[in-house]
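In what follows, a structure is listed as structure tokens, so that the remarks can point back to it.
Numbers restart at 1 for each chain; the letters A, B, ... are given by sequence-line order, proteins then strands. Values below: all heavy atoms of this structure, side chains included; hydrogens, waters and symmetry mates excluded.
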Amino acid sequence: MSVTQSEAAAGGPGLFGTQEVSAGTPHVVGRVEEVPPGEGRAFVVDGVQVAVFRLRDGSLHATQAACPHAGGPLADGQTDLDVLVCPLHLYTFRWTDGTSPGGAASLRVYPVHEESGQLVVTV
Amino acid sequence: MTAVLGGRPEGVSTLHFAMDEADGIDTRQRLVVIGNGMAGARVVEEVLERGGGDQFAITVFGEEPHGNYNRIMLSHVLAGEEHEDDIVLNSHDWYADNGVVLRAGVRVVRIDTHAKVVHAADGTTAPYDQLVIATGSRSFVPPMTGLYQAEEQLIPGVFGFRTIDDTRAMLAAAAEHDKAVVVGGGLLGLEAARALQGHGLAVEVVHAGTHLMNQQLGAEAGAILAKSVEALGIVVHLATRTTEVIGPDRVRGVVLADGRAIDADMLVLAAGIRPVTEVALMSGIEVERGVVVDDQLRTDDPDVYAVGECAQHRGELYGLVAPVWEQARVLADLLTGTDPDAEYHGSRTATKLKVAGVDVATMGISRPERDSDEFLVISEPKRGVHLSVVVRDDKLIGATLLGDTRKVAYLTQAFDRGTPLPEERIKLLVDLSDGAAEVGVAELPHDSQVCNCNGVTKGAICEAVAGGCGSVGAVMDKTRAGKGCGSCKGLVKQVVEWAADGDVVEDPAASWYVPGIPMAKPELMAAIRERGLLSPSAVFAALAPGGAEDAKSKMGLTSLLRMIWGKDAVQENDAKFINDRVHGNIQRDGTFSVVPQIKGGVTTPAQLRKIADVAEKYEVPMVKITGGQRIDLLGVRKEDLPAMWNDLGMPSGYAYGKSFRTVKTCVGSDFCRFGLGDSTQLGIDLETRFQGIESPAKMKMAVVGCPRNCAEAYVKDVGVVAVGNGKWEVYVGGAAGASIRKGDLLATVDSPEAVMELSGRFMQYYRENANWLERTYDFVPRIGLEKIKAVLLEDSEGICAELDANMQQSIDAYTDPWGQDGKAPATPGQFRTALPLVELPLVPVR
Ligand code: SRM
Ligand SMILES: Cc1cc2nc3c(=O)[nH]c(=O)nc-3n(C[C@H](O)[C@H](O)[C@H](O)COP(=O)(O)OP(=O)(O)OC[C@H]3O[C@@H](n4cnc5c(N)ncnc54)[C@H](O)[C@@H]3O)c2cc1C
Ligand code: SF4
Ligand code: FES
């Protein structure tokens, strides 16, 4: 079985799917220390999979967990302050809006912030 | 699979403001294009390039739901050489960004030429001022019984080869079946056959003509091509047809005209194409074989044009993309008024293709037609080469080059321009002696096409250079030249060099070790040493522009720092690729593979038993003997890795890293009746010494007991061959992966110890001087064997002792990563799953 692009990209409730974006509810998913600097970790938020990243400048980002290209595990990707690189085929995605300079479909990004050491993701 | 190629994710929409939106008036003319293929989209591009965006509100209808993609590249997608995302030419976003309305997935059924309105199948309409028909062709379905199931439905297992959806369907079927018959031995059929064969199917081609590619090639050339194709293992049936499909529920085979039956699960129809003309026909526009157009590409309705494969011009139909580019330019000149007198006079079809891996170039006629025609042939069936030219009245009127297309630029020029030919005709086909007769790019006419796939002329390349593109890469990005099948890259480079008068900058970044730090490797290493930079983040802070870190540079820096500092390098897990973070190779579904070290390929019953136990305990989906003489446990969940390593109690085999990998060995003098040296022991000793050493790219070794070379030492980064009397040959720079190269003999030495020392010295020299990801098969020729010999054997630079010491430092820094991180994770959540809701593995379980 393989993961098709449509399931990951369409955002429908597919295998690695995320749900429709609504106004959004904030959820505590874990503690900041669970995400080492420069890395990402995957969490389940209200039935939705998100990857949360803590960049080396301390800033936080959250994206859908499965790559829109072919379902790659984005939390295993590499980061810098501008982009996230998927580990499977090395497409890059901008943190600002989730678009891909290499031409993959865009990534969904979610608001995330820290509240007294807790990671809060709005889904 | 239903993904839209070049589409946009659901929910993303672009606000589109028409001109003068404020007043609700768009004063522009309405240009409607029917067909979003290579011709239709190119017309739109050419119109926009001439400023047509201000003149026209453009709407494009495309029956396919996709953006515009490079149809030529479908054979590469089918072959698995290219990802479908990488053949998109104009994505949905491109249309939105350029203010063009794309009605993707909407078929036009009829044009009302009186009311000047287009009617679509979904009931919508679009008014136009100017209309372009670019509906292309479809696969011809040759008549045979049993082909159809119910009403017009082809039975399952029958495929055309025209669209990305056809290609996806074939790919899906190829994964499940093992026998295919391809109908048609032309370009398309052969490409399909080759691609399917690459997926492991047994493929037979049935061709009605007496020789392959009879459209382009003469009989002799066709026969040689057939040999090359058959040498690939593809069966070719000539001068016969398929008359019947054996079914009835799905394809089970075909019957040929002579009564023979062939088993098959897939039937691919590549027996020609037919122009798509229904819309024109239904709308009362003149259609013969194609939509009839004049020299201004106009149909018999003055506001309706036709371009591409659906158009019939001066009685000709075209089936290649080069004429499409010419037509699109003429039409855009006319529509925008850039050149109101522009005319298209037909294309002289000169084509350069790669068919089933064989280079083919043809132009004009392939055989003499009159008694006075001169005909020159060079035929080398053994090499798969057949070259011929036809000369009439001292002019080149035809040429066929098969298997060797070096003279194509020169011949194309002679063909297009009627330039004078050399007295000694043979010079048309071969460079005699010094090659002085070679016509350089200088003499290529300005408008000669350099890249056929993307329709780029020499002139366009020169313009790009004049416009400031200073490197070959920049010109390729700007013009798309060389970005199709790639066969013209060499020529593109020559033209760029000529146009820039030799003043071509190597892409500045080309000499950098990693993209994020503007320094070549020696300079970067010096700076790191001088400033004592121990971690990737320290390197970025000190040496990157603005101190900015760069994701794609991190892995290369991590490797370099480990090489320079050994144990003292500061590890930063985020600066490692996932494979190196968890010491396993990531799989397509996010699981990992575990390859324990099996030195020299020699194992024991106890080891095997342990591997078997672990495989059962962790329900490993596949256990496989690798090409590296060891065992791969594939499809392991990330969270299981530490426990598995612990149970195995074997060190990592480093099958995931840019590092020293394995030493393959043969059974050598201990067992083999031909063995001249103890290759097995030497292999084990080498692997023990160099295990886990980081390097710019993989380093693989093999040791064999005699020149029969059973463990393939001639094609390894470092290969060792016992030649008797205690002597060993050391080869470097060999390869048998994506490139194939026999290694160069570095030296013959007379003891296993000397092999160890010289291999280590070579590998250290490589580690210190190779670019990131540069394998030894590129490194050795780049530096030159003579230089390497001088440095390593004669110590011409006085660095041998230092190389040996530096290698020793790395060897001393080795620790088994499984033993290490298995006990205590290097970072929190190091082995946490990255896709928590998914049942893993998704890879097949065997
Ligand atoms: C497992 C194995 C295939 C097998 O089932 O036998 C294999 C599997 C992979 N090879 Fe290989 N190669 C394997 C032997 C080879 C060999 C044969 C050999 O080593 O004697 C070659 C040709 C020699 C060579 O290296 O050139 C080989 C040439 C490649 C290449 C082409 C490298 C090149 O520059 O030519 C790649 C791609 C790359 O490195 O970028 C590659 C890449 C890969 C990767 C790592 C692809 C990836 O990045 O995921 C595959 C990992 C599968 C996995 O998860 O475990 N593999 N690969 C073999 C493991 C050998 C081992 O025990 O370590
Ligand atoms: C596998 C393959 C390999 C090839 N390799 C080469 C090669 O190596 N070199 C070479 O020169 N050429 C090659 N070709 C040929 C080349 O692709 C064609 O010459 C080129 O695509 C023709 O462009 P076109 O726009 O006329 O037709 P197309 O690209 O077919 O575009 C026509 C489009 O119009 C759409 N359409 C049709 N009817 C309607 C309608 N009523 N309403 C709306 N939309 C409609 C179709 O869906 C299609 O998308 C290859 C073709 C294939 C299939
Ligand atoms: S290489 Fe020589 S020694 Fe080794 S197995 Fe082959 S024949 Fe025997
Ligand atoms: S799955 Fe992410 S780049 Fe392919």
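- Of the two parts of B:Glu839, neither the backbone nor the side chain holds a non-hydrogen atom closer than 4.5 Å to a non-hydrogen atom of chain A.
- No side-chain donor-acceptor contact under 3.5 Å links B:Asn90 and B:Tyr69.
- In this structure, the ring of A:His69 has its center less than 6.0 angstrom from the ring center of A:Tyr91.
- For B:Ala575, the part lying under 4.5 angstrom from a heavy atom of chain A is the backbone only.
- Interface check for chain A: of the options B:Thr833, B:Asn579, B:Thr827, the most heavy-atom pairs under 4.5 Å are formed by B:Thr827.
- Counting heavy atoms from C-beta on, the side chains of A:Trp95 and A:Thr63 come closer than 4.5 Å.
- Counting heavy-atom pairs closer than 4.5 Å to chain A, the top residue among B:Lys554, B:Gln830, B:Lys638, B:Arg581 is B:Arg581.
- In this structure, the side chains of A:Gln78 and B:Phe577 come closer than 4.5 Å at one or more pairs of heavy atoms.
- Using a cutoff of 4.0 Å between basic side-chain nitrogens and carboxylate oxygens, B:Asp574 and A:Arg56 are scored as salt-bridged.
- Contact annotation for A:Leu81: both backbone and side-chain heavy atoms come within less than 4.5 Å of a heavy atom of chain B.
- With a 4.5 angstrom heavy-atom cutoff, A:Pro87 touches chain B via backbone and side-chain atoms both.
- Side-chain atoms of B:Glu549 and B:Ser537 form no donor-acceptor pair, as typed in the model, at a separation below 3.5 Å.
- Considering only heavy-atom pairs separated by less than 4.5 Å from chain B, the leading option among A:Gly40, A:Pro37, A:Ala42 is A:Ala42.
- For A:Leu90, the parts lying near chain B are the backbone and the side chain together; criterion is any non-hydrogen pair under 4.5 Å.
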